[in-house]
Amino acid sequence: MAAGDCSIAGTLDVIGDRWTILILRDAFRGVRRFDEIQHDLGIARNVLADRLAKLVDHGILEKRKYQDRPARYEYRLTSKGVDLSPALVALMRWGDKHLAGGDVPTVLIHERCGTALDQTFICWHCDSTVEPTAIRSRPGSSLAS
């Protein structure tokens with residue numbers, strides 16, 4: 001399979017570096033302003049500016065002015081950016097399981113009721129939970145003849 005035919009390779013081209021993932025994590029946590037992101041991550045300003053521009057160019061973040069003099073902007077997730085939530089949660093869960101040594105640093109909860117959330121695959125046809133080892137793939141519509 002050529003890299004151009006792989007959605008994982010294409011996604012990594014857009015968001016596949018450490019800083020971009022951490023910027024997205026901050027965006028989901030409500031950290032939106034350049035200086036706040038820079039302070040939270042300890043990232044060089046030029047690197048942050050580059051990553052933010054790339055995320056805006058790809059429609060993952062939207063740049064909004066919040067102050068005129070001097071002009072200052074915040075960066076908000078678009079619907080395309082919000083769609084990255086399951087991927088970030090999957091990375092977090094993997095780190096919790098394999099790197100945190102049983103001391104999970106963050107628990108995701110349902111805002112309304114406060115219950116901790118799981119991340120699962122559901123087959124809506126069978127109305128059942130599907131384990132990762134029971135998932136297979138087939139060519140998508142762009143590859144099917």
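What you see is a predicted model, and the numbers here were worked out from it, not measured in a lab.
In this structure, the separation between CZ on Arg51 and CG on Asn46 is 9.0 Å, given to the nearest 0.5 Å. Note that CD of Gln38 is 11.0 Å distant from CG of Leu52, once rounded to the nearest 0.5 Å. With rounding to the nearest 0.5 angstrom, the CG atom of Asp26 is 10.5 Å from the CH2 atom of Trp19. Rounding to the nearest 0.5 angstrom, the gap separating the CE atom in Met92 from the CG atom in Asp96 is 5.0 Å. Here the CD1 atom belonging to Ile21 is positioned 5.5 Å from the CG atom belonging to Leu88, to the nearest 0.5 angstrom.
Linking ILVMFWY side-chain heavy atoms closer than 4.5 Å, directly or via other members, places Ile15 and Leu12 in two distinct hydrophobic clusters. Val89 and Leu84 end up in different hydrophobic clusters when Ile, Leu, Val, Met, Phe, Trp and Tyr side chains are linked at under 4.5 Å. Leu91 and Leu55 fall within a single hydrophobic cluster, where Ile, Leu, Val, Met, Phe, Trp and Tyr side chains are chained together by heavy-atom contacts under 4.5 Å.
Counting non-hydrogen atoms of other residues, nucleotides and ligands closer than 6.0 Å to CD1 of Ile122 gives a total above 12.
Within the structure, ring-ring contact (aromatic ring centres under 6.0 Å, His included) contacts touching residues 21-53 (residues at least two apart or in different chains) do not occur. Within the structure, side-chain hydrogen bond (donor to acceptor under 3.5 Å, both in side chains) pairs that include any residue of residues 72-82 comprise Glu74-Arg76 (at least two apart or interchain). For residues 53-65, the pairs satisfying side-chain hydrogen bond (donor to acceptor under 3.5 Å, both in side chains) are Glu62-Arg64, with sequence neighbours left out.
Residues passing the salt bridge (charged side-chain N to carboxylate O under 4.0 Å, His left out) test with Asp127: none are found, sequence neighbours excluded. Residues passing the salt bridge (charged side-chain N to carboxylate O under 4.0 Å, His left out) test with Asp83: none are found, sequence neighbours excluded. For Ala53, there are no side-chain contact (heavy atoms from CB on, under 4.5 Å) partners at least two apart in sequence or on another chain. With sequence neighbours excluded, the residues forming a ring-ring contact (aromatic ring centres under 6.0 Å, His included) with Trp94 are His98, listed by chain and number. The salt bridge (charged side-chain N to carboxylate O under 4.0 Å, His left out) search around Arg45 returns Asp35, not counting sequence neighbours. A search for salt bridge (charged side-chain N to carboxylate O under 4.0 Å, His left out) contacts involving Asp13 returns nothing, not counting sequence neighbours. Not a single side chain to side chain donor-acceptor pair (under 3.5 Å) links Asp50 to another residue, sequence neighbours left out.
Clustering of Ile, Leu, Val, Met, Phe, Trp and Tyr by side-chain heavy atoms under 4.5 Å joins Tyr66 with none of the others.
A side chain to side chain contact (heavy atoms under 4.5 Å, CB included) with Arg25 is found for one member of Thr20, Leu41, Val31 and no other, namely Leu41.
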Donor-acceptor list for residues 103-111 side chains, cut-off 3.5 Å, not counting sequence neighbours:
none

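When all heavy atoms of Arg93 and Leu117 are compared, the pair lying nearest together is NH2-O, 2.7 Å.
Proximity of Ile60 to Leu24: side-chain heavy atoms (C-beta onward) are separated by under 4.5 Å at one or more points.
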